Amino acid sequence: MRLGVLVSGRGSNLAALLSAAGSGRLPRAEIAVVVSNNPGVPALEVAFRAGVASHVVDHRLFGGNRLAHEAAILAILGGAGCEALILAGYRRLLAGPLLEAFPERILNVHPSLLPAFPGLHAPAQAIRAGAKVSGCTVHFVDAGLDSGPIVGQRAVAIEPWDTEQTLSDRILEQEHEALVEAVDWLTCGRLIVEQGRVRIVPRSEGMPPP
Ligand code: GRF
């Protein structure tokens, strides 16, 4: 399955996907193209070093027209033959064209146990709330903010001495694992959405190995 990956910044989740693909952990996934809404970000360098085509579609050049911005991204994804989309640290809500083009085919990774703490600075939100456990969530994307059927989650204990940075760092390690696992499930045809909930079918019911 050819994948497009949308990024906005550092690109550590993209790097985790590329490394998993390179080491055979994603036998049915091919990362076809990377698109960033921000020019000059490290994620573009990550793509370049891996030899993956990358593009910048700067939302600031679209004068607030989110539909036109997404349509431009969609044209690139279509040109690259993408069949699914991974949001790996992509910091924009989807407006419509991408959701319509990839129904139940867009995954996002978020640094909290959703539905708790959606939005920005989720680890800081968890610390402020006095939560003892947080973590990360991989979910299908809908038009809402960090909403959509949950695919996988990993828990991370919050220690009394945690800062936003220390907690984010530990959660990020789990994000990389959870995202790779979810992308494997997706590309092997093992994710089924039933009444808004995701069922992970046994490997034997997914696609046979290539
Ligand atoms: C991750 O914490 C992700 O969950 C959030 O933004 C961060 C992106 O990190 N949406 P990276 O760009 O993948 O390193």
Side-chain angles (χ1 to χ4, degrees), residues 3-22 25-26 29 31 33-50 52 54-59 70 73 84-95 98-99 106-129 131 133-158 162-184 186:
L3 304 176
V5 182
L6 301 192
V7 296
S8 293
R10 175 179 52 188
S12 72
N13 280 289
L14 169 64
L17 289 174
L18 288 166
S19 139
R25 273 184 73 198
L26 293 172
I31 298 170
V33 68
V34 170
V35 181
S36 172
N37 65 307
N38 285 324
V41 290
L44 292 165
E45 178 72 23
V46 170
F48 177 75
R49 273 191 270 114
V52 174
S54 64
H55 299 259
V56 175
V57 185
D58 187 341
H59 60 279
E70 262 189 35
I73 294 175
L85 187 55
I86 313 299
L87 310 189
Y90 183 65
R91 290 194 289 269
R92 291 185 64 77
L93 280 178
L94 299 191
L98 291 172
L99 292 168
I106 308 179
L107 292 178
N108 180 46
V109 58
H110 178 77
S112 77
L113 294 176
L114 291 170
F117 312 125
L120 293 175
H121 299 289
Q125 291 185 52
I127 291 172
R128 256 200 317 275
V133 177
S134 190
C136 65
T137 303
V138 178
H139 62 97
F140 281 115
V141 174
D142 62 19
L145 174 65
D146 298 319
S147 60
I150 290 171
V151 173
Q153 294 185 304
R154 293 191 179 214
V156 173
I158 301 178
D162 262 324
T163 62
E164 177 175 12
Q165 188 62 55
T166 60
L167 181 58
S168 299
D169 289 347
R170 288 206 308 289
I171 291 176
L172 191 65
E173 290 173 22
Q174 298 305 314
E175 287 182 41
H176 297 163
E177 291 297 317
L179 185 60
V180 167
E181 183 175 53
V183 168
D184 185 45
L186 176 74

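Each ligand, and each atom within it, is numbered from 1 in the order the structure gives. Just so it is clear, the model here is predicted, and its values are computed rather than measured.
From the protein, the heavy atom lying nearest to atom 5 (C) of ligand 1 is Pro111 CD, 4.0 Å. For atom 12 (O) of ligand 1, the closest non-hydrogen atom on the protein side is Gly11 N, 2.8 Å.
The two residues Val141 and Leu107 come nearest to each other via the heavy atoms CG2-C, 4.0 Å. When all heavy atoms of Val7 and Tyr90 are compared, the closest pair comes out as O-CD1, 3.5 Å. In plain terms, the two heavy atoms of Ala88 and Leu14 that are nearest each other are CB-N, 4.1 Å. Asn38 and Leu44 get closest at one heavy-atom pair: O-CD1, 3.8 Å. When all heavy atoms of Ile150 and Leu114 are compared, the pair lying nearest together is CD1-O, 3.5 Å.
When the heavy-atom distances from atom 2 (O) of ligand 1 to Arg10, Gln174, Glu175, His110 are ranked, the shortest goes to Glu175. The option from Leu179, Asn13, Val7 that lies nearest to atom 13 (O) of ligand 1, judged by heavy atoms, is Asn13.
Those atoms of ligand 1 that come under 4.0 Å of a heavy atom in Gly89, given as number and element, are 6 (O), 8 (C), 10 (N). Which parts of ligand 1 touch Val109 is read off a 4.0 Å heavy-atom cut-off, strictly below it: atoms 3 (C), 4 (O), 10 (N).
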